[in-house]
Amino acid sequence: MDLSITVNGIKFPNPFLLGSGPPGTNARVLAKAYDAGWGGAVAKTVSLESSKVVNVVPRYGKLRSRENNEVIGFQNIELISDRPIEVWLEEFRQVKKEYPNHILIASIMEEYTKERWQELTKMVQDTGVDAFELNFSCPHGMTERKMGSEMGEHPDLTEEVTGWVKEVSTIPVWAKMTPNITNIREPSLAAVRGGADGISAINTILSVIGVNLDTLRPMPTVEGYTVPGGYSAQAVKPIALRMVSQLGLGLPKEVSISGIGGIEQSRDAIEFMLLGASTVQICTGVMLQGVKMVDELQDGLAKFMTDKGFTSVQEIVGKSLPYFSTHMDLVKMMKEAKRHKAGEASRDNEWAQKDITEKTAELTSN
Ligand SMILES: Cc1cc2nc3c(=O)[nH]c(=O)nc-3n(C[C@H](O)[C@H](O)[C@H](O)COP(=O)(O)O)c2cc1C
């Protein structure tokens, strides 16, 4: 089945992209992902001066299910790429030469000066990459240099910096949003005012993954200390879905959305698409399952389309958005439908009549 989709004039063989991070951290891993069947990739974020990027070990932490030890949440305190820009430029060229039909998106980040952003944009663009993703969203480490989410948390900066990039770029520009704000629409619309062609959402959610009860040290612990990091994997999916739905409902139609956050299976990806994403990105899922996970993503999407009678991926995008409403409307609709539980029939007093767990189950939809 044809899983291709055209977004901002770029034809993606399928909507599945590696999210920026370890899965796209050099030309060799990018090639492996394309060979495995990924439609595209957002490479690890690059900047002009890699010598300023120094990572720590350990830098990851996991939250496991109490029942079966499955990883449900993942935290990182990793920075952007620590590889020199000259090496990256050569690798971008090489990857585009070897995989002309696969989509390569360069993620870029710089300090708050117009010259630096425009210099980086121009040199990366010259390599032949298909689009840019502006990293306004890394929530830790880089913020100490006023980079990353320091920009995404301030809509005026988001607009200004997007404008700088758009002044010199001839390829589509996506702005990647931080979820560590009150209203995702504000910085997103600021990026659109600056000229962004698409919005990628979300980057990681600020978190502290846990505290070691033997040592009393918060984790991940580096020489006895830590910093809050970025939370990802399946636990963040509902938050990411909410933010993508707000963008689906609130952005101008021509602005594309790339959905990110906790996608591990085809059904997760389809949910993001139903809420307005025309591509999806996966980072932690690939770190935990490997690039082969794209087989299930493709098979699951094709099966869903056959079962539901969709003939193109584009038809799925935003299909569930009309089903958001207001609380008042929900109550009104229940009353009109004369549902047993509407209004009077489910008052808070009833909680005393049954066991609390039973009552919770009764009010749960899935
Ligand atoms: C170890 C790690 C490193 C990451 N590095 C970057 C990065 O360099 N640039 C960026 O834009 N996002 C980075 N991210 C964020 C991811 O691209 C993604 O937005 C986030 O993890 C949520 O998606 P996921 O649940 O599929 O991982 C990183 C995430 C992880 C887990």
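In each ligand, atom 1 is the first atom listed, and ligand 1 is the first ligand listed. Computation of the quantities below employed the complete heavy-atom set of this structure, encompassing side-chain atoms and omitting hydrogens, waters and symmetry-equivalent molecules.
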Name each donor-acceptor pair under 3.5 Å that joins a side chain in residues 255-265 to protein atoms two or more places apart or in another chain, with its distance.
from	atom 1	to	atom 2	distance (Å)
Ser256	OG	Asn8	OD1	2.8
Ser258	OG	Thr279	OG1	2.7
Ser258	OG	Gln281	NE2	3.0
Glu264	OE1	Gln234	NE2	3.4
Glu264	OE2	Gln234	N	3.4

Worksheet item: Just by distance, do the side chain of Arg217 and the backbone of Asn212 share a donor-acceptor pair under 3.5 Å?
Response: no
Item to complete: Please indicate whether Lys52 has more than 12 foreign heavy atoms, meaning atoms of other residues, nucleotides or ligands, lying under 6.0 Å from its NZ.
Response: yes
Using a cut-off of under 3.5 Å, which N/O atoms of ligand 1 pair up with protein N/O atoms, and what distance separates each pair?
from	atom 1	to	atom 2	distance (Å)
ligand 1	5 (N)	Lys44	NZ	2.9
ligand 1	8 (O)	Lys44	NZ	3.0
ligand 1	8 (O)	Thr45	OG1	3.4
ligand 1	9 (N)	Ser20	OG	3.1
ligand 1	9 (N)	Thr45	OG1	2.7
ligand 1	9 (N)	Asn135	ND2	3.2
ligand 1	11 (O)	Asn135	ND2	3.1
ligand 1	11 (O)	Lys176	NZ	3.1
ligand 1	12 (N)	Ser20	O	3.4
ligand 1	12 (N)	Lys176	NZ	3.0
ligand 1	14 (N)	Ser20	O	3.2
ligand 1	17 (O)	Ser20	O	2.6
ligand 1	17 (O)	Lys176	NZ	2.9
ligand 1	19 (O)	Lys176	NZ	3.0
ligand 1	19 (O)	Ile202	O	3.0
ligand 1	25 (O)	Ala233	N	3.0
ligand 1	25 (O)	Gly262	N	2.7
ligand 1	26 (O)	Cys283	N	3.0
ligand 1	27 (O)	Thr284	N	2.8
ligand 1	27 (O)	Thr284	OG1	2.5

Tabulate below the donor-acceptor pairs under 3.5 Å that side-chain atoms of residues 319-328 make, not counting sequence neighbours, or state none.
from	atom 1	to	atom 2	distance (Å)
Ser325	OG	Asp329	OD2	3.2
Thr326	OG1	Asp329	N	3.2

Name the atoms and distances for all side-chain donor-acceptor pairs under 3.5 Å in residues 38-47, with sequence neighbours left out.
from	atom 1	to	atom 2	distance (Å)
Trp38	NE1	Val291	O	2.9
Lys44	NZ	Glu78	OE2	2.8
Lys44	NZ	Leu79	O	2.8
Thr45	OG1	Ser20	OG	3.4
Thr45	OG1	Ser107	OG	2.7
Thr45	OG1	Asn135	ND2	3.0

Fill in: Derivation and outcome, side chain to side chain donor-acceptor pair (under 3.5 Å), residues His140 and Asn76
CA-CA 9 Å; His140 48 84; Asn76 81 86; 3.3 Å; yes
